[in-house]
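Residue numbers begin at 1 in each chain, while the letters A, B, ... track the order of the sequences. Please read these numbers as outputs of a predicted model, since none were measured by experiment.
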Amino acid sequence: GESVGLHLPTLSVQEGDNSIINCAYSNSASDYFIWYKQESGKGPQFIIDIRSNMDKRQGQRVTVLLNKTVKHLSLQIAATQPGDSAVYFCAEAGNKLTFGGGTRVLVKP
Amino acid sequence: GAGVSQSPSNKVTEKGKDVELRCDPISGHTALYWYRQSLGQGLEFLIYFQGNSAPDKSGLPSDRFSAERTGGSVSTLTIQRTQQEDSAVYLCASSLQGGETQYFGPGTRLLVL
């Protein structure tokens, strides 16, 4: 069946460093992926998305990379800030979202 | 409104009682979704509404769970005869069309004692 999973449950990063969050998916037919950020007590917030006809997409301080060969997705956060501390989910988008288990990012001052 | 809103924000109930959770999607969004999130876990799909089509109920965990969407806008998720394992955050999301980016509300935190 379909599944989307994350490699690391917790990522601790020094403020100012870059963060990389990884995600694996199993449905090779998937053509649309989204990264969400969820802060404590809040709903998931859209960060960035990518379609399967792209390998890379950049936003403000964030970059998503898609490797369709190995079915791997990553989110890179440049110059990580304390406000980036949250749980990050990748999701495979169709009529419904299939979410990975989430990675908690802790930013150390 | 500017975003998806949900009410109540918190709900404490006793085992066996019924609860109703409400979702107001973003104006103009035709698709509406309900998810459940247990503490420290990912999101579990419950149900999906798209326009006037029959809803996709494939994620509802039991027949105690039901949802309606009246007038293509507001949705209500009802849990009958609540159990302690129903305790979770219930999240609603909407999107302009099905298959597009979903925008989430803040969730309703349900605690069943």
Worksheet, complete the sentence: Residue pairs passing the side chain to side chain donor-acceptor pair (under 3.5 Å) test with at least one member in residues 103-113 of chain B, sequence neighbours excluded, are none

Fill in: Toward chain A, the part of B:L91 with a non-hydrogen atom under 4.5 Å
side chain

Worksheet item: So which part of B:Q97 gets closer than 4.5 Å to some heavy atom of chain A, the side chain, the backbone, both or neither?
Response: neither

Worksheet item: How would you list, in number order, the residues of residues 39-49 of chain A that have a heavy atom less than 4.5 Å from chain B?
Response: A:G41, A:K42, A:G43, A:P44, A:F46, A:D49

Discussion item. For A:D55, give me all partners under side-chain hydrogen bond (donor to acceptor under 3.5 Å, both in side chains), at least two apart in sequence or on another chain.
Written reply: A:K68

Discussion item. Assess, by modelled atom type and distance only, whether the side chains of B:Y35 and B:Q102 contain a donor and an acceptor separated by less than 3.5 Å.
Written reply: yes

Item to complete: Go through the atoms of B:S58 and report whether side chain, backbone, both or neither lie under 4.5 Å from a heavy atom of chain A.
Response: side chain

Discussion item. Can you confirm whether B:E85 is buried at CD, in the sense that more than 12 heavy atoms of other residues, nucleotides or ligands lie under 6.0 Å from that atom?
Written reply: yes

Worksheet item: Would you say A:S12 and A:K108 make side-chain contact, with heavy atoms under 4.5 Å?
Response: yes

Discussion item. Tell me whether B:Y48 shares a hydrophobic cluster with A:F89, the cluster being built from Ile, Leu, Val, Met, Phe, Trp, Tyr side chains joined at under 4.5 Å.
Written reply: yes

Return all side-chain donor-acceptor pairs below 3.5 angstrom for residues 14-21 of chain A, not counting sequence neighbours, or 'none' if the list is empty.
residue: A:Q14; atom: NE2; partner: A:P109; partner atom: O; Å: 2.8
residue: A:N18; atom: OD1; partner: A:A79; partner atom: N; Å: 3.0
residue: A:S19; atom: OG; partner: A:T80; partner atom: OG1; Å: 2.7

